[in-house]
Amino acid sequence: MRRSGSPPAVFLVGFMGAGKTSVGRVLSRRLGWPFEDLDDRIQAREGRTIEEIFRNSGEAEFRRAENRALRALLTAPGSIPRIVALGGGAFAQPENAQLLARAAVPVVFLDGPAEELFRRCEQEGRERPLKGDAKQFRELYDRRRPAYLAASWRVDTSGKDVNTVAAEVACSLGLGSEQDS
Ligand code: S3P
């Protein structure tokens, strides 16, 4: 594993069901870097769950909280190497994409076909305020995909398990080889 010249953080982005959190956790173990999920930070800062924020204050307020949490994370003192998973809509907000571009951190888009991502969300069973039915899911996916494609790296997750995807992310960033998964 190459340590010198390693990026200070790796940001994982992509649609719901892309595996950002699970891949992030595996990457964190592989690299020995702390992992952070931006949605957890939002919930801790706001003192309520993502579902409660959506239900009681609406999406616009959630996006403001998300942007505040991302700003706080990027300006936190002692920026140690870490893996950060963003919620599905975060990178599709231009102001968040700009913040990450300004911070010059590597952003990895975990890609996959809408049908497979929908299936994964159904299997997980976690409540996701914007998931909707298969048709709504696909429409939102189509609207957002061009934004995700602006990420510096894209890793295809289709048909792959979490360890394989984590190994590919590490390899793309020069942080390990695909064999040592
Ligand atoms: C969202 C995805 C969720 C969470 C929130 C909004 C979205 O995260 O941030 O419900 O806009 O796609 P996951 O991608 O982890 O489900």
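First listed ligand is number 1; within each ligand, the first listed atom is number 1.
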Among Val169, Val26, Leu175, which residue meets the side-chain contact (heavy atoms from CB on, under 4.5 Å) test with Leu31? Leu175
If the threshold is 4.0 Å, N to carboxylate O, is there a salt bridge linking Glu52 and Arg55? no
Could you tell me whether the side chains of Gln43 and Thr49 share a donor-acceptor contact shorter than 3.5 Å? no
Looking only at side chains, do Arg120 and Thr157 share a donor and an acceptor under 3.5 Å apart? yes
Every residue of the protein that comes under 4.0 Å of ligand 1, judged on heavy atoms: Met16, Lys20, Asp39, Ile50, Phe54, Phe62, Arg63, Gly87, Gly88, Gly89, Arg126, Arg128, Pro129, Leu130, Arg144
I need the single residue from Glu122, Glu115, Lys131, Arg128 that forms a side-chain contact (heavy atoms from CB on, under 4.5 Å) with Phe137. Which is it? Lys131
Between Asn67 and Glu95, the two heavy atoms sitting closest are ND2-CG, 3.5 Å
